[in-house]
Amino acid sequence: MANVTFKNNPVTLVGTEVAVGDTAPDFTVLANDLSPVTLADSKGKIRLISVVPSIDTGVCSTQTRKFNEEAASLGDDVQVLTISVDLPFAQARWCAAEGIANVQTLSDHRDLSFGEAYGTIIQELRLLARSIFVIDKDDKVTYVQYVSENTDHPDYDKAIEAVKQLTN
């Protein structure tokens with residue numbers, strides 16, 4: 001498993017670590033209206049999955065806003081998802097307050113299905129570890145970043161470049 005810290009303290013990640021070249025595992029999370037969403041729902045699109053511990057915190061909100069801005073220029077073949085364990089109601093309220101319209105926020109609070117499938121559950125905190133996954137139209141993982149310190153930003157440029165390589 002990836003070595004990850006939270007505020008410089010080592011944490012234990014639970015689930016199956018995903019690597020470039022893997023077939024992206026399916027999962028079931030909740031949309032803001034409580035409807036189930038799976039990876040299969042976006043089949044045929046390029047997916048950028050941005051994982052944050054809690055959307056209401058500084059780095060997580062910056063990460064979501066950054067990918068929201070980028071999503072506007074990535075085209076209709078790309079879907080940007082932000083997944084956290086925040087309740088769907090809190091995600092919807094935050095998106096409304098921040099004017100987020102290009103990213104779909106999804107909640108893994110109920111079953112930790114995504115966290116288990118992608119190895120992002122922080123056992124000690126029941127949060128998801130900050131990470132980025134890019135999945136092509138055929139469900140192959142083409143980019144992975146498990147951010148080593150959860151209070152740090154991911155490499156936005158590399159993630160966006162990984163998506164752009166698939167759109168050419």
Given 3.5 Å as the limit, does a donor-acceptor pair link the side chain of Asn150 with the main chain of Lys7, or not? no
Heavy-atom closest contact (Asn68 atom, Asn102 atom, distance): OD1-N, 2.7 Å
Would you say Arg65 and Glu98 make side-chain contact, with heavy atoms under 4.5 Å? yes
Using side-chain contact (heavy atoms from CB on, under 4.5 Å), reason through Asp152 and Val59 one step at a time and then give a plain yes or no. CA-CA 7 Å; Asp152 289 345; Val59 176; over 6 Å; no
What one should report as the nearest heavy-atom pair of Leu30 and Leu34 is CD2-O, 3.5 Å
Counting C-beta onward and ignoring hydrogens, is there a side-chain heavy-atom pair between Pro53 and Cys60 closer than 4.5 Å? yes
Hydrophobic clustering (ILVMFWY, side-chain heavy atoms < 4.5 Å, transitive) - are Val14 and Val147 grouped together? no
In this structure, are over 12 heavy atoms from other groups packed under 6.0 Å from Asp33 atom CG? yes
Supply the atom-to-atom distance Asp77 CG to Ile46 CD1, rounded to the nearest 0.5 angstrom. 6.0 Å
Keeping Asp136 on the side-chain end and Asp138 on the backbone end, is there a donor-acceptor pair under 3.5 Å? yes
Heavy-atom check, side chain of Ile55 versus side chain of Thr64, under 4.5 Å: yes
Atom of Ile132, atom of Gln63 and distance for their closest heavy-atom approach: CD1-NE2, 3.6 Å
Pairing residues for Ser84 by the side-chain hydrogen bond (donor to acceptor under 3.5 Å, both in side chains) criterion, not counting sequence neighbours: Asp86, Gln91
Student check: side-chain heavy atoms of Val52 and Arg130 closer than 4.5 Å: yes
Keeping Asp108 on the side-chain end and Gly115 on the backbone end, is there a donor-acceptor pair under 3.5 Å? yes
Determine whether the side chains of Glu116 and Thr16 contain a donor N or O and an acceptor N or O closer than 3.5 Å. no
Thr57 backbone acceptor or donor facing Ser61 side chain under 3.5 Å: yes
Do Glu17 side-chain atoms and Ala2 backbone N/O form a donor-acceptor pair below 3.5 Å? yes
Cluster question for you: counting only ILVMFWY and a side-chain heavy-atom cut-off of under 4.5 Å, with indirect links fine, are Val85 and Val18 together? yes
May I ask you to check whether Tyr118 and Phe133 place their ring centres under 6.0 Å from each other? yes
Sequence neighbours left out, what pairs pass ring pair (Phe, Tyr, Trp, His ring centres under 6.0 Å) with at least one residue falling in residues 51-98? Phe67-Tyr156
So if you build clusters from Ile, Leu, Val, Met, Phe, Trp, Tyr with side-chain heavy-atom gaps below 4.5 Å, do Val163 and Val141 land together? no
Can you get from Leu112 to Val4 by hopping between Ile, Leu, Val, Met, Phe, Trp and Tyr side chains that sit under 4.5 Å apart? yes
Between Lys140 and Thr23, is a side-chain hydrogen bond (donor to acceptor under 3.5 Å, both in side chains) present by the stated rule, with each step listed? CA-CA 5 Å; Lys140 288 290 181 203; Thr23 297; 2.9 Å; yes
Between Val134 and Ala162, what is the shortest heavy-atom contact and its length? CG2-CB, 4.1 Å
What are the two closest non-hydrogen atoms of Val37 and Ala31, and how far apart are they? CG2-CB, 3.8 Å
Does the side chain of Ile121 come within less than 4.5 Å of Arg126's, by heavy atoms? no
Taking atom CD1 of Ile49 and atom OG1 of Thr82, what is their separation to the nearest 0.5 Å? 10.0 Å
Supply the atom-to-atom distance Thr120 OG1 to Leu127 CG, rounded to the nearest 0.5 angstrom. 10.5 Å
A side-chain contact here means heavy atoms from C-beta on lying under 4.5 Å apart; do Asn32 and Thr105 qualify? yes
Under a 3.5 Å distance rule, please check whether Ser131 uses its side chain to pair with a backbone N or O of Tyr146 as donor and acceptor. no
Decide, yes or no, whether a salt bridge links Arg47 with Asp139 under the criterion of side-chain N to carboxylate O below 4.0 Å. yes
Taking atom NZ of Lys164 and atom CG of Leu74, what is their separation to the nearest 0.5 Å? 6.5 Å
Determine, using the 4.5 Å side-chain heavy-atom cutoff (strictly less than), whether Phe6 and Ile83 are members of one ILVMFWY cluster. yes
Measure the shortest side-chain to side-chain distance between Ile135 and Leu39 over non-hydrogen atoms and say whether it is less than 4.5 angstrom. yes
Spatial distance of atom CG (Asn3) from atom CD (Glu149) [nearest 0.5 Å]: 12.5 Å
Quick one, Gln104 and Leu81 - any side-chain contact, counting heavy atoms below 4.5 Å? yes
Rounded to the nearest 0.5 Å, how far does OH of Tyr143 lie from CG of Leu166? 12.5 Å
